[in-house]
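Everything below concerns the one structure shown next.
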Amino acid sequence: MIETDEIVLTEAAIREKVKELAGLIARDYAGKDLVLIGILKGALVFLADLIRNIPFPVTVDFVHASSYGMGTESMRAIRIKKEIETDIGGRHVLLVDCIIDTGETLDCLLKRYAERKPASLRSVVLLDKRSRRTVSVPLDYTGYVIPDKFVVGYGIDCGEQYRNLPYIATVKTGT
Ligand code: IMP
Ligand code: MG
């Protein structure tokens, strides 16, 4: 049985940070051809809110990469389940994820897309579980650094549940 435990970030705190990040991105990419690549499924809600705070046309695409199974344990393997369809060569690319943990997913995708010779390649994450990092990944825009606790909500799941929570909370796991 899994229950939500304590709220880590309220809706208001998330909204404020998303606006701040979008403001930085809008400043840095004004006048540029920006392609945002959301890492499914976790980036779903964050990306939707982020783009609505960017005041110029952008291209959106998705890659479905997964490193976690149905529970809270990492499987330590990145699988590409759905690839982007956009030609990113010569364009400004921003990889978007809701949470970075070991960093392996983002590291793998940054290397993968660098090979396609974009004009620039950066990343934005809302939540950074910095203490869990196993590979060093450059983060260009970071929302909140959070402690090493398993969280759900705002697109982030546990066993495909809780993505629809408008806030971010920890979960109680166990039987
Ligand atoms: P990484 O490759 O270890 O950085 O894992 C990144 C992915 O792991 C995220 O996109 C999430 O899907 C998942 N993940 C990491 N931490 C959590 C968590 O606390 N709750 C749910 N999923 C998580
Ligand atoms: Mg998951």
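Both counts, for ligands and for their atoms, begin at 1 and track the order of listing. Since we're looking at a predicted model, the values are computed, not measured.
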When you measure from the heavy atoms of [X] to every atom of ligand 1, does any distance fall below 4.0 Å?
{"X": "Asp157", "result": "yes"}
{"X": "Ile39", "result": "no"}
{"X": "Asp97", "result": "yes"}

**Asked** Of Thr102, Asp128, Leu106, Thr134, which has the heavy atom at the shortest distance from atom 1 (P) of ligand 1?
**Response**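 Looking at heavy atoms only, Thr102 sits closest to atom 1 (P) of ligand 1.
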Indicate yes or no: at least one non-hydrogen side-chain atom of [X] is less than 4.5 angstrom from one of [Y].
{"X": "Leu165", "Y": "Thr4", "result": "yes"}
{"X": "Lys82", "Y": "Asp61", "result": "yes"}
{"X": "Leu121", "Y": "Arg91", "result": "no"}
{"X": "Ile100", "Y": "Lys129", "result": "no"}

**Request:** Decide, yes or no, whether a salt bridge links Arg133 with Glu104 under the criterion of side-chain N to carboxylate O below 4.0 Å.
**Result:**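 No.
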**Request:** Could you pull out the atom name of the N/O/S atom in Asp157 that is nearest the Mg ion (ligand 2)?
**Result:**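 The Mg ion (ligand 2) is closest to the Asp157 atom OD1, counting only N, O or S.
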**Asked** Side chain or backbone of Ile156 under 4.0 Å from ligand 1, or both, or neither, by non-hydrogen atoms?
**Response**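 The answer is the side chain of Ile156.
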**Item:** For ligand 1, the portion of Arg132 having any non-hydrogen atom under 4.0 Å away
**Value:**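 Answer for Arg132: neither.
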Using the side chain to side chain contact (heavy atoms under 4.5 Å, CB included) definition, which of the options [options] pairs with [X]?
{"X": "Tyr154", "options": "Val45, Leu127, Leu44", "value": "Val45"}
{"X": "Phe46", "options": "Leu21, Ile39, Val125", "value": "Leu21"}
{"X": "Arg122", "options": "Val96, Leu139, Asp28", "value": "Asp28"}

For [X], atoms of ligand 1 separated by under 4.0 Å from a heavy atom:
{"X": "Lys149", "value": "19 (O)"}
{"X": "Thr105", "value": "1 (P), 2 (O), 5 (O), 6 (C)"}
{"X": "Lys129", "value": "16 (N), 17 (C), 18 (C), 19 (O)"}

**Prompt:** So is Gly103 polar-close to ligand 1, meaning N/O to N/O under 3.5 Å?
**Reply:**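 Yes - when backbone and side-chain N and O of Gly103 are compared with those of ligand 1, one distance drops under 3.5 Å.
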**Message:** Any nitrogen or oxygen of Ile100 lying under 3.5 Å from a nitrogen or oxygen in ligand 1? Just yes or no.
**Reply:**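 No, there is no polar N/O contact under 3.5 Å.
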